[in-house]
Structure formats: structure tokens, C-alpha cells
J.: 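First, the structure itself, so that you have it in front of you.
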There are 2 protein chains.
Amino acid sequence: MISRKPLKRVTMNEVAREANVSPAVAARALGGYGYVSETKRTQVEAAAARLGYRPNMIAKSMVTGRTRTIGIIGADISNPFFAGAVKGIADESRRHGFDTLLTNSDENTEIERDALRVLLAKRVDGLVVSPADVNDCDHLREAVQQGTPLVMLDRIAAGIQADSVVIDNVEASRRAIAGLITGGHRRIAMVTELGTQSDRKLLNQLDKPESADVTTLNTSGARLLGYLVAHRQAGLSPDPALIRPTDAYASASARQCTLELMALESPPTSIFTGDSVMTLGAFAAIQHLGISLPDQLAFMGFDDMDWMGLVKPSLSALRQPVYAMGAAAIELLMARLASPERPSEHRVFEVESILRDSTRNAWCCHN
Amino acid sequence: MISRKPLKRVTMNEVAREANVSPAVAARALGGYGYVSETKRTQVEAAAARLGYRPNMIAKSMVTGRTRTIGIIGADISNPFFAGAVKGIADESRRHGFDTLLTNSDENTEIERDALRVLLAKRVDGLVVSPADVNDCDHLREAVQQGTPLVMLDRIAAGIQADSVVIDNVEASRRAIAGLITGGHRRIAMVTELGTQSDRKLLNQLDKPESADVTTLNTSGARLLGYLVAHRQAGLSPDPALIRPTDAYASASARQCTLELMALESPPTSIFTGDSVMTLGAFAAIQHLGISLPDQLAFMGFDDMDWMGLVKPSLSALRQPVYAMGAAAIELLMARLASPERPSEHRVFEVESILRDSTRNAWCCHN
DNA sequence: TAGCGTTGTGATAGCGCTATCACATTTATT
DNA sequence: AATAAATGTGATAGCGCTATCACAACGCTA
């Protein structure tokens, strides 16, 4: 039960009275607009300080229609990818005089819809969203249509007229796998979450990746597609037993999947993980089994973390410039706020291959 | 340049007209309060849906004086400690129907002051703050006095009438060091950031920790104090050469400090780090030098991370229940919103010692 | 029939500001 | 000196809602 009496705060009118000027003058002095004489400005400022006046953004937003606030809908702040991106978003927003309202969707479209409703009710000036499912985005489309600019981060939902900041997941993954294939690997396992229906559909068409519609795939689906394409291009047919979708408790599940993979009659000679959480679990399994990398198993994962250079052997990874991507999202948003009619822009960032010991002699640059 | 025309949005009045009811009825139907007949409620809801009506929280806050928003001032979201805490804060807030406005202080009091000003202007209903410097908190005190409830997380600023959620840094650190001493170590190094003046003052009184004023110490100062107390209690005099304050670029600096420590004529037999960022840098140095843990050097650090169990050898650490601490901060805030006059509550969480290979045979439980 | 509570509806003040007038005064230009 | 422009001030509408009235219509009891 919330107490009902909102506390009485000092208002501009009281400051005006204290300073013996009209409310209009006080407003101009405090708000920094229009004409005010130096004398009165000082009077007003002194009065404001004396009374402990705090401007009320709510009231200001009420009349201006702007809040100088950006809403963020991310999957999970405790995931390092988002933590880094959120930092970039927050810093860059601040630089432009905007604040950030943060929400978590937990990769759940229902929660996302809810979060969106709240952010729109709060009248944020713009949104940065990582859609939980790119195939279920009517709510996002409606927000854009009603006039709230939106930038998609990490994932692009088809059919939404909005800017985006992404990497080319298919190509990054394809290149990584192609490298392993060129390095001589033929049994490459992939451990990844496959949270959505459309991503899982890929499992039924392992040999015809070209028939998949990229625009309906989420991040991990796209990474799996890259895996399939690399195989296809090399004339190889992927073994379904080596593709392991994990379930919800991601890290633990990745560990379990990896244990099972290595227990196969014909285990993989190399393993590729869909993100850093998968990498954590898979590597835990590898340690547990005492498997030696890269001789017995080559290892490469999506998303680079500091610690990957410190484990033995060190782990190769595909690095996304997360902070820069977050900052870029805000740049695009600011550009759109300035000119709402500009054509939508899609910023594709480069993925860097960080080659460490876990792929030594196992990976060859492909192109 | 921001475009100036705020876009025209559907208001309650328009919904009322569309539904052929008075604005008051529409307000009650949409706001879910007071009497409305079933018939009219349905009419209004239909009209709202038809027009794509979105409630305006700003206007509502204007009259109610509440925003259902919690402001967070944290040091750095990309630091795993805060990322975890922020998750706890956000989740728990959401459970209570509150949203979170996130800001970063970068451990800088100036930025913190700024962030506070903005959050108060936005009329947040409450604050969760990790003060950058517990000795420079007049701005926080004023906020509390003006009536915005505030919970301090991770650090307590003296003389502020507010709730707090912390761990006992002195005791946790003292116990860890005492364990190393009992384990036979006499030359224990400490690598930690010492960002504030008051923390650095400790360096001038290594042998009389009891003369330090705990309430003026920040997190890392308190941890250093624990280190000193443990030595004192064991009748040992700490070697100043083994206490290494790092500077700004934390991880790299910790690496450098560790390299220098190990190059000493008489190097430490054990090393203790002030947080996970320090641990990362220190461990990188240890790997670089090829030092074997725990034989050549016992290792223990503050803050546990997933990867610490995966490096070779695995690293011992003091684990804080970060998520729970974030959630607890919101619990306290909600309790205070419900009864503003309740006495302030200080929640002290337990620190768990995660003993792994890096302290094998080097650490003995002390009490 | 009068008197009462219950249920539903409408009118409207006002939250704290900004923006826009109208107007007063000073300074510059012809 | 007359006019125009620049500079400063005050009054006030209104942003979209909620909360508070006043009141009407209805069924109930006495």
C-alpha cells in the first residue's frame, strides 16, 4: 500500500513570489529561454536556491510533449552482450542530453509487449529494442506507425520501417565454420539456443539452407544458417546429431549437450557455440571431461569475453563491437528525431575473429 | 536539432467523444476507478481500441504526483557486480509495478550529482544509489530531506537517513586474509583500486588500522582495512611494498601492479584482489609470468564470476549475492514508500567464500 | 408517501509548467 | 524629432489527465 499524499514541493510560482517577479519571468530565468534582465535572473536564481527549488520535468513534458528519455527493451542485462550495449546506449544518450529507461524482456514477447506499452505510456521520445522474436512484432510496428521512432538492435524484424544496428550473423558464422572446414574438420558440432519456432524450423532443412527465409530468423537461427551454408558450400552434409539446440537454463544445458556430444560413438572434432553463455557451459563440459583443445577438439564461439584469453587453452571467439553498436543505435535515433522523414538506415558492424589456442592449426582463413 | 512539432496523439477526450460518453466516464473506464456501467465500459474500450488510444502517464503523474519509476545511480553497468544488481532491481521493481530509470556515474561524484538532479526533475518515486564517494554526499542528503526515499547499495554514506543494502566488507576481507595467514602466509599482497582520498589515507596508517574511521571508507577502502586488521590481529606488520593501489584503467593497471609485485626481490607468497576487474588483470599477469598457483602463489579475490571456476587453476573468490542485494534494495524502498516514517533499515548480506584450487592448502578457515 | 443508501453520470478545477500574446520601455536609425 | 527595432515584462491558455463535487435515477425500508 502506497501512501497517498504526494509531498508538497517548491514550484516556480513560489520562487517567483519569493523573488518579487511575475511567474513568467521566473519561468524564463529558470528555463533559460526568452528575455530576462541580468538583475532579475540573479534574483530568481537566488530565490530558487533559497527555497531549494527543483524543476519538474513532468510538467515540462506535459506542455512540450517531449521527455528527453529513450526507452530500452533488451533481453537481459546480466548477459554481457546487453550489458555492453546498454552502456553504449546510456553513455551516448547522456551525451545528447537524454536519459534511458531500461526494461528487460527475458526473451519473452509477452513481457516485451508489456514493456513497450509502459514505455509508450511514459512517452519516451524514442526506443531501442532487441525484439524477442522477429516474427512477432506487430506491437513494434504499431509504435512506429504512431510516431515513436525505434531502432532495432542485434535483430531485425521484417516489415518494420525503422533503423537498425546489427552484425551479419549468417556471414560471420559461415566464415567461422568455413575456416574450420578448410582447416580439415568434417564433424563440426553446433551448440546454440533455438528459442523460436522459426529458428527451429531450420532443423528440418539442414541440407537446403538456401530455401530458408533469412528475414524470419532470429540471432541464433541466423548463426545456425551460416553453419549450414558453410557446409553446403563445401559440399558437405551436416550430421543432425551434431546440432544441439539447448533449452532455457542456457549455460547448464549447453554443458549437458556438450557432454552428450562427446559421448557419441563418433564425436565431433570441433565445436561451435552460439553465444558466450553457451561457450561457458560447453567449456565447463570440456574441462570436466579433460578433453584437450585443440588436438582432440577445436573450439570456437560467438561473442568474446575477457576471460576467454585466460583459460587454458585460450578460446577463439567472434567478437562483436557491443559498446559501439549501442552507441550507434542512439546516433541513428538522434538522426531520426532530427529528421523523421529520412530513409531508414541499417548499420551493419564487422565481426572480428579472435583466434586463440583453441583453434590452433585447426582454422584457416577462408577468403 | 530536434524537430519541434510533437505529434498529435489520441486523448481520452477523443475516446469519450467517439464512445458518446462524457470525458469523466471515459476516464473512469480507462483508468479503472469509480463507477462505470458495464455497457459504457465496453463502449469506451471499443472506442479506445478503434482509435489506438495510449494512456499518457505524464499527464497522470502530473495530477497524482507519482511516476511509478525508480531511479538508479550505479557506477558502471558493464561491471558484472552492477549488472547483476541492476537485474535484481529491475525485476523486483517490475514485480511491484515500477519501472527503472538507469544512469551511470562512472564513479564520479560530479556525474552522480548531475544524474541525481535529472532523476529528481523526472520526479522518480525513489532512488537506489551506489555513492561514488561516501564522503561527498550532500546532494543525496538533500534529496532525502526533500522527501525522495533512497536506498544505498553497496556503500553507506554516513549521516544520511536512509536504508541500505551492503555486505560487511571489512569483515569479509579480514576473514579471507586471516585464512591465508592461518594457512601460513606472511607476505600477502593486495591489489585494489583506491579511488578516493579517504581510502588512500589508509596507506599512511598501515600499522594502526583501529584508528581509521570505517564510516568514511568506500568499498575498496573497507576491504583494505580488513586486510590491515587481519594482519594486526595476527601480530603482523604489513609490508607497504605489497599494497598496490591501481589507477584508472583498472584491469590493465592491476596486471601491471602484479607484474611489479612478482618482480620484487622478496615477492609475495599470496595475493588478494579488491574486485573482479582486479582479479582479471592480476590473473593475466600470473599467466603471463607462468607462475603456478597455488604452490608459488596463493590467489584469492573479491567477487566471484562464472569463469573463475574454469581457468587453470580455478580461482578462489568471495561471492556477494548481487541479484538478491538488488532485489532487497527495492524491497526496502517499497517498504519505505508504504510507511515513510519507519526507522531506517540496514540489510547486511553474507559473503560466501568460494574456495577453489588457487588457495588449495593455503587457506584455513579461521573462526 | 417520504426518507434513505446505492449506483451511475457529468461538469470542472487544477497539477506545474511553456508558449504566445500584448504591452512597456529603451536604444538605434533616418 | 519621428519612427523603427530591440529588449524586457506580465497575463494567461492549455498540455491530458485525476479527483471531487453535484446530482439523477433507482430500489429499499418504514
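A note on names: the letters A, B, ... follow the listed sequences, proteins ahead of strands, and every chain is numbered from 1. The shown structure was predicted, so the numbers you read here are calculated from the model rather than taken from an experiment.
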J.: Between residues 49-62 of chain B and DNA chain C, which residues have a heavy-atom gap below 4.0 Å?
T.: M62(B)
J.: Between T100(A) (side chain only) and L102(B) (backbone N and O only), is there a donor and an acceptor less than 3.5 Å apart?
T.: yes
J.: Before accepting this row, confirm whether a basic side-chain N of the pair R113(B)/D136(B) lies closer than 4.0 Å to the acidic partner's carboxylate O.
T.: yes
J.: Is there a donor-acceptor pair closer than 3.5 Å between any side-chain N or O of S93(B) and the backbone N or O of T69(B)?
T.: no
J.: Using the side chain to side chain donor-acceptor pair (under 3.5 Å) rule, collect all pairs that involve residues 19-37 of chain A, keeping only residues at least two apart or in two chains.
T.: none
J.: Can you check whether R66(B)'s main-chain N or O pairs, donor with acceptor, with T64(B)'s side chain at less than 3.5 Å?
T.: yes
J.: Taking the basic N atoms (NZ, or NE/NH1/NH2) and the acidic carboxylate oxygens, is any pair closer than 4.0 Å for R336(B) and E345(B)?
T.: no
J.: At a heavy-atom distance below 4.0 Å, which nucleotide of DNA chain C is the first touched by chain A, and which is the last?
T.: dG16(C) to dT20(C)
J.: Starting from the first five and the last five pairs of the helix from dT1(C)-dA30(D) to dT30(C)-dA1(D), work out the angle between the resulting helix axes, to 10 degrees.
T.: 40°
J.: Any salt bridge linking E14(A) with R17(A)? Criterion: basic side-chain nitrogen under 4.0 Å from a carboxylate oxygen.
T.: no
J.: Please collect all salt bridge (charged side-chain N to carboxylate O under 4.0 Å, His left out) contacts where either partner lies in residues 114-124 of chain B, sequence neighbours excluded, each pair once.
T.: R94(A)-D114(B), D99(A)-K122(B), D114(B)-R117(B)
J.: Step by step, work out the salt bridge (Lys or Arg N to Asp or Glu O under 4.0 Å) result for R68(B) and D125(B).
T.: CA-CA 6 Å; R68(B) 300 200 75 77; D125(B) 291 336; 6.0 Å; no
J.: Does D133(B) come within less than 4.0 Å of R155(B), counting only side-chain N to carboxylate O?
T.: no
J.: Are the charged groups of E45(B) and R50(B) less than 4.0 angstrom apart, N to O?
T.: no
J.: Strictly below 4.0 Å, heavy-atom distances to any atom of DNA chain C: list the hits from residues 33-42 of chain B, or just say none.
T.: Y35(B), V36(B), S37(B), K40(B)
J.: Please figure out whether V25(B) or V10(A) has its closest DNA chain C nucleotide nearer the 5' end.
T.: V25(B)
J.: Tell me if a side-chain donor or acceptor on T148(B) pairs with a main-chain N or O of V144(B) at a distance below 3.5 Å.
T.: no
